[in-house]
Amino acid sequence: MPYTIHEIKRIEKKWQEFWRDNKTFKAEIFGDKPKYYVLEMFPYPSGKIHMGHVRNYTITDVVARFKMMQGFNVLHPMGYDAFGQPAENAAIKRGVDPSSWTYSCISDMREGLTKMGFSYDWDREFATCDKEYYKWNQWIFLKMLERGLAYKKSSFVNWCPSCDTTLANEEVINEECWRCKAKVEQKDLDQWYLKITAYSERLLDDLKTLDKWPSRVIAMQSNWIGKSFGVDICFREKDTNEPLTVFTTRPDTIFGCTYVVLAPEHPLVDKLIKGSKNEQDVRQFIDKVKKESKTERASAGNKKQGIFTGRYAINPVNNEAVPIWLADYVLMDYGTGAIMAVPAHDQRDFIFAKEYKLPLRIVIEDPKRRDLKENELEQAFVDEGALVNSKQFDGLNNIKAIEKIGSWMEEDKIGKVSVHWRLRDWLISRQRYWGTPIPVIYCPKCGTVPVPEKDLPVELPAKIRITGEGGSPLNYVKEFVIVPCPECKGEARRETDTMATFFDSSWYFLRYCSARNGAQVFDKKEAAYWMPVDQYIGGIEHAILHLLYSRFFTKFFKDLGMIAFDEPFTRLLTQGMVLKDAEVMSKSKGNVVDPDLIIDKYGADSLRLFILFAAPPEDQLEWNDSAIDGSWRFLNRVWNLVEYKFKKEAGFNLPSELDKEDKEFERIRNATIKKVTEDLSVGLKFNTAISSIMIFMNAIDKYKVTDDDARKQAILNLSVRTMTLLLAPFVPHFSEELWQALGGKEKTVAFSLWPEYNEASLAQESIQVVVQINGKLRAKLDVSADISEEKLKQFVLSDGKVKDFIQDKPVRKFIYVPGKLVNLVI
RNA sequence: GCUGGAGUGGUGAAAUUGGUAUACACGCCGGUCUCAAAAACCGGUGGCCUAAACAGCCGUGAGGGUUCGACUCCCUCCUCCAGCACCA
């Protein structure tokens, strides 16, 4: 049969149906095989799959199929992260029901995934908007509530005016909404939070155990959690003796403190200014700052605003009275909301002090400019140096002084060594319809009452009006809102906020282990067998959000005693973006390449091969319309090879006698197996694995077999079979078809054994030794592989070309790298 | 500013971790086949230098260093990408 797109389409369809009908990739617990759980980040079903999905899932599929062939019991599931705003926006725009819109998108996605030939266990498929799934979201929430890890509080929250809902800190990117890019505002609201900060220490510490995660993801999470060591220092207000605690990571500069600054929202402010002569001005200032959004406050950049409260604080180390100021550059939600200002050694304090003409005091000497005076400073001195003006600590190196002064303060009870975190609790309330209802009821008598477990799930009411205005649409569904209190049976109101969708995706990998279990969130035994995920693959955009939340949930489940491990994902690969014309593919830029059209022209296997071959998986991938022709051509050549050169009758047995050419050919076969196996095992280097198969292909092409030479034909056949097996994870439909043509014993190539190589066959009889003279390449000599160093030296020195270079100069050194090169130093 | 990463042919990228720089592919050039084109196949392809081969010289962002030998290690600098950012 000729290699045509028509033929390819027929083959791909045939095998997709075969895999589906035979449940080829159904995963079950087996005792006799090691397990391997490979997982991609499940998609948001917004329509058809795009190139980013194709890349992500192709990479994952190769790992899954490779592990299957290696004899692992592989779990490779797929599902949909199906709650979220696009469904609701579609409802507002087109009047469709979010549920039917979502399920119709899911069916499009499923079709796209099937066409790529991915090896999923479809029996475990679910969508997070299935009530069988979100029931367990509610169950988890109730468990957290029980343990005080879910709580409601009123505070300023990130508010997206365009999505008309709140956002978690992690969802705010550059002060913009991560989804719609609208400027985020601050709003004072009563909202549900998850106490992820209770896990700060473990989330940070356990990063150390994730040695198979990309270093940048570790760094990003570590920065995000943001642990700072320092000292809480207790100042006191001069007249009232009211304590005023500041946090600093630089206790070494305490003697340089010339004023103290509170955040305008600081709870002490009211007391401080009451009755003072500038009370009115200060109140005006606070109002002004409060009205500003975080964005405006930050966009001021270096320009800092502040006001003097009229009060003074006593610095406990020297009993000096320093003025207490308020300033917009001090944030209430970090540290203690109050700082000691050391303008000589902190650039922000320096700018502020210059602006408001506050005094400076140098307490660390610049080693290069010892005689520097305060009024000569052009910027804060922030480098290392010896302490001055610091009483008994004078002369001490400031880095060493950090610890010394900290413990001295602790002894004298004027400060306390402390740790502060950047991580905040996770705001999960969303004022939207298409999400998991938060399972609590507000009763005028009993207060906040959790929905009893037996009443779960709290179902989302169907067929409701969504306008996008006036807050959560659920507020207007009377049957949903007005309910009897579970405790006193009196009339009560149901919570109408839904959960952030990142809640749904924080534990879906556990649900796959027992996706059809109706009685439990997941089956402990199944989870113990499959988890943790051995290889997780997805986009870098989830480096903080999803991966941090999932780690938090996993630790929570461990604390519940449901699992025994601390981390959900052993190995993580973050695949690069797919670009076109040096830009990320996106609808708005109009540079998307539709996978469907490519499949239609080249077939799924060519697409898979191109995507894997064009770049390492972590790197960005530049789409190239003509490079995919190369993938097509390569498969075409393999196809023709089987069509014209392979002769089934000759079998696959390696003859006992091999001539020189045969041995070299066998060496390439074994070397290719070794290279592909290593590339797939160690670093997921698909591009170099494929290139080595191409080299192998070129060698097979050159290997001459005459029609009557059954011996050589068997050697060739063996190589063709090896190549088919090596190709199977990359181009599964194509390989299944070849495998049939080759008369493969097993039903499918997917569960055939991965080929093994013979170390002895890798040895070469003769090798090429490179001769360098003074490090420069001068000659290449063929010698037998087992030549002794002494013999080689004689051989090299007798070579005519080498002689010409050496002439009569003495050879000072003879360096020999066995099997590779010699270097003569003359 | 801090953190993480990257700079190699016309292009995507290799390089056994200190040992032949540019594998494999795309593109381009030439050829075979064809009335012609496409497809397919074969050959060439870092730069300079001679008509060409040989030989030679240069060449992995820049400059220095270590070494018999550096894309790889060290120092200084430049550029780009990503994340965080008034976090005290």
Side-chain angles (χ1 to χ4, degrees), chain A residues 2-4 173-175 214-224 226-228 230 246-250 253 261 263 294 297-304 327-331 333-342 346-349 351-352 382 420-423 540-541 543-544 577 610 613-616 618-634 636-637 640 671 674-675 678 685 687-695 697-698 701 768-780 801 804 812-817 819-826:
Chain A
Y3 189 78
T4 60
I173 315 287
N174 292 330
E175 307 299 331
S215 57
R216 67 169 162 162
V217 176
I218 301 285
M220 280 161 79
Q221 291 218 354
S222 167
N223 287 343
W224 188 263
K227 187 178 193 177
S228 296
V246 303
F247 172 64
T248 182
T249 53
R250 295 292 305 278
T253 63
V261 192
K294 240 184 196 168
R297 228 163 124 168
S299 70
N302 277 340
K303 210 154 157 44
K304 301 179 196 318
D328 59 353
Y329 77 98
V330 174
L331 310 173
D333 55 1
Y334 185 76
T336 60
I339 62 155
M340 61 173 212
V342 185
D346 181 286
Q347 189 58 21
R348 290 156 307 184
D349 297 342
I351 292 167
F352 191 79
V382 293
H420 287 272
W421 303 85
R422 195 185 163 283
L423 186 69
I540 186 70
E541 67 273 20
I544 294 170
M577 303 257 198
F610 164 72
F613 178 60
E618 304 86 346
D619 288 10
Q620 297 190 326
L621 172 79
E622 173 74 30
W623 182 264
N624 182 330
D625 280 323
S626 60
I628 192 169
D629 285 329
S631 296
W632 170 271
R633 275 203 286 266
F634 171 71
N636 189 0
R637 288 177 65 205
N640 289 341
K674 185 178 183 190
K675 172 79 175 146
E678 283 174 0
K685 296 194 276 183
N687 54 334
T688 50
I690 292 168
S691 100
S692 70
I693 298 174
M694 287 173 167
I695 293 168
M697 172 68 212
N698 291 342
D701 243 3
Q768 195 181 56
V769 168
V770 170
V771 180
Q772 294 182 334
I773 294 171
N774 288 344
K776 286 213 173 214
L777 174 67
R778 294 304 180 190
K780 294 174 184 180
K801 229 167 140 185
D804 285 350
R812 296 223 314 263
K813 222 171 179 180
F814 181 88
I815 293 149
Y816 177 49
V817 182
K820 280 205 180 101
L821 61 71
V822 297
N823 191 14
L824 304 176
V825 186
I826 59 172

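Please read all numbers here as calculations on a predicted model, not as lab measurements. Because only heavy atoms are used, hydrogens play no part in the values below, and waters and symmetry mates are left out as well, while side chains stay in. Lettering of chains follows the sequences in order, A, B, ..., and the numbering in each one begins at 1.
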Side-chain N or O of K813(A) less than 4.0 angstrom from OP1 or OP2 on C68(B)?
yes
In whole Å, I'd like the distance from the CG atom of D619(A) to the P atom of A13(B).
6 Å
Specify the glycosidic conformation (syn or anti) of U17(B), with syn defined as within 90° of 0.
syn
Do nucleotides 15-24 of chain B as a string where each nucleotide becomes B, S or -: B if the base has a protein heavy atom under 4.0 Å, S if just the sugar-phosphate does, - if no protein is that close.
SB--BB--BB
Considering every strand and a 4.0 Å limit on heavy-atom distances, what is the contact class for R637(A): base, sugar-phosphate, or nothing?
sugar-phosphate
Check the pair R637(A) / N698(A) against side chain to side chain donor-acceptor pair (under 3.5 Å), numbers first and verdict last.
CA-CA 10 Å; R637(A) 288 177 65 205; N698(A) 291 342; 3.0 Å; yes
According to a strict under-4.0 Å criterion, is R216(A) in side-chain N/O contact with OP1 or OP2 of C81(B)?
no
Looking at side-chain heavy atoms only, is the closest gap between I695(A) and K675(A) below 4.5 Å?
no
Look at the rings of Y334(A) and H420(A) and say which category their plane angle falls in: under 30° parallel, 30 to 60° tilted, over 60° perpendicular.
tilted
Electrostatic pair R250(A)-D346(A), nearest N-O below 4.0 angstrom
no
Can you see if the side chain of R778(A) gets near the phosphate of G56(B) - specifically, an N or O under 4.0 Å from OP1 or OP2?
yes
Counting C-beta onward and ignoring hydrogens, is there a side-chain heavy-atom pair between W623(A) and F610(A) closer than 4.5 Å?
yes
What's the spacing between T688(A) OG1 and F613(A) CZ if we round to 0.5 Å?
10.0 Å
Heavy-atom closest contact (L821(A) atom, V769(A) atom, distance):
CA-CG1, 3.9 Å
Base, sugar-phosphate, or nothing: which does P616(A) touch, judged by heavy atoms less than 4.0 Å apart?
sugar-phosphate
In whole angstroms, how far is the P atom of A88(B) from the CE atom of M340(A)?
12 Å
Any R422(A) side-chain N or O less than 4.0 Å from OP1/OP2 of A85(B)
yes
Stem ranges of RNA chain B by first residue number, counting only runs of at least 3 Watson-Crick or G-U pairs under 3.5 Å, come to B:1-7 with B:78-84, B:10-12 with B:24-26, B:27-32 with B:40-45, B:46-48 with B:56-58, B:61-65 with B:73-77
Hey, does G630(A) reach any base, or is it just sugar-phosphate, or nothing, if we go heavy atoms under 4.0 Å?
sugar-phosphate
If the glycosidic angle is within 90 degrees of 0 it's syn, otherwise anti, so just tell me which one G31(B) is.
anti
